[in-house]
There are 2 protein chains.
Amino acid sequence: MDKKLATIIFESLASGIRLDIFRLLVKTGTQGLVAGEIAASLQLPPTNLSFHLKALTQSQLLTVEQEGRYQRYRANMPLMQDLILYMTQECCFGHPEQCFDINSTPQSDN
Amino acid sequence: MDKKLATIIFESLASGIRLDIFRLLVKTGTQGLVAGEIAASLQLPPTNLSFHLKALTQSQLLTVEQEGRYQRYRANMPLMQDLILYMTQECCFGHPEQCFDINSTPQSDN
DNA sequence: GCAACTATACAACAATAATTGAACTATTGA
DNA sequence: TCAATAGTTCAATTATTGTTGTATAGTTGC
């Protein structure tokens, strides 16, 4: 997880609709949902849903698999776990001494 | 932490500049930085920096304290910790059985 | 008081993101 | 083959966000 990917993921989650989609798919776990089920659940017009699903898939937060004429989406749990780890490290929880030592030499991953 | 606040925080972090500001302030810990120091460090014009500082402060990710003619900004670590907790809970890490049981009755906090 | 300094507020503009309907591709089932 | 279904792509529009210069408010030191 680097800053670039983290920013892309934050952008993905920075929309109420996309956060709803992600949380819905977290709930359904490995089963996931096909696009039409998501649209029905969240009452979204298909083009708009497609727009947000594309953003989430491009950020790798969702995976998509074709099932006949359907597209099945699933939440990418490991990536979210990576993001949580990144945020934890960035915020130095568990290593507060690094947070509060201004003289430490932080790594640059810009 | 509810969905609304989480979305606002994600929006706050969904900008390379704002993520840079936050990470910079995490590094300086309780000391924080005054606006001019942030501007110098990130080479941002003051009006643009003000714009992003305002967004970060409104999302509560930063605190601000007046020091004479200066404004000192600090990262709000506890809020970030709350967000990490929220994400962990949402993603059911530590409780994977809830993630993968489609019949569980999830709470609604929309 | 007043000049210098720090930072924000405002207004204009630029750039990006979100939404929608129509058209299109692919798949299914008859 | 063909009509129906699922979903995306495209183009146009709207809405939102980001950037910049200028003006302003507050603070300091002389």
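Letters go in sequence order (proteins before strands), and every chain restarts at 1.
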Asks: Within the distance-only criterion (no hydrogens, no angle test), does the side chain of A/Asn76 pair as donor or acceptor with the backbone N or O of A/Thr63 below 3.5 angstrom?
Replies: no
Asks: Side chain of A/Thr47: nearest nucleotide among C/dA26, D/dT9, D/dT20?
Replies: D/dT9
Asks: How many Å lie between CD1 on B/Ile8 and P on D/dT16, as a whole number?
Replies: 15 Å
Asks: Roughly how many Å is it from CD in B/Glu37 to P in C/dT6, rounded to a whole number?
Replies: 11 Å
Asks: Please figure out whether B/Glu67 or A/Pro46 has its closest DNA chain D nucleotide nearer the 5' end.
Replies: A/Pro46
Asks: Any salt bridge between B/Arg72 and B/Glu65, counting N to O under 4.0 Å?
Replies: no
Asks: Any side-chain N or O of B/Gln66 less than 4.0 Å from the OP1 or OP2 oxygen of D/dT27?
Replies: yes
Asks: Would you classify B/Tyr70 as touching base, sugar-phosphate or nothing, given that sugar-phosphate means primed atoms plus P, OP1 and OP2, and contacts are heavy atoms under 4.0 Å?
Replies: sugar-phosphate
Asks: Rounded to whole Å, how long is the line connecting atom NE2 of A/His52 with atom C1' of D/dT16?
Replies: 13 Å
Asks: Whole Å only: how far is the CG atom of B/Asn48 from the C1' atom of D/dT17?
Replies: 11 Å
Asks: Please state whether the phosphate of C/dT8, meaning OP1 or OP2, lies under 4.0 angstrom from any side-chain nitrogen or oxygen of B/Tyr73.
Replies: yes
Asks: Tell me what B/Pro45 touches on the nucleic acid: a base, only sugar-phosphate, or nothing, going by heavy atoms under 4.0 Å.
Replies: sugar-phosphate
Asks: Taking for each residue the nucleotide of DNA chain C with the nearest heavy atom, is it A/Phe51 or B/Gln71 whose nucleotide lies nearer the 5' end?
Replies: B/Gln71
Asks: Do A/Lys54 and A/Thr57 make a side-chain contact, defined as non-hydrogen atoms from C-beta onward lying under 4.5 Å apart?
Replies: no
Asks: Under 3.5 Å, side chain of B/Glu67 to main-chain N/O of B/Arg69, donor-acceptor pair present?
Replies: no
Asks: Answer yes or no: is there a donor N or O on one side and an acceptor on the other, between the side chain of B/Thr88 and the main chain of B/Ile84, under 3.5 Å?
Replies: yes
Asks: Nearest whole Å is fine: how far is C/dA30 C1' from A/Arg69 CZ?
Replies: 12 Å
Asks: May I have the distance from A/Leu49 (atom CG) to C/dA18 (atom C1'), rounded to whole angstrom?
Replies: 13 Å
Asks: What integer distance in Å separates A/Lys54:NZ from C/dT19:P?
Replies: 15 Å
Asks: Which part of the nucleic acid, if any, lies within contact of B/Arg72, taking any heavy atom under 4.0 Å across all strands shown: a base, the sugar-phosphate backbone alone, or nothing?
Replies: nothing
Asks: Please report, rounded to the nearest Å, how far the C1' atom of C/dA9 is from the CG atom of B/Leu53.
Replies: 14 Å
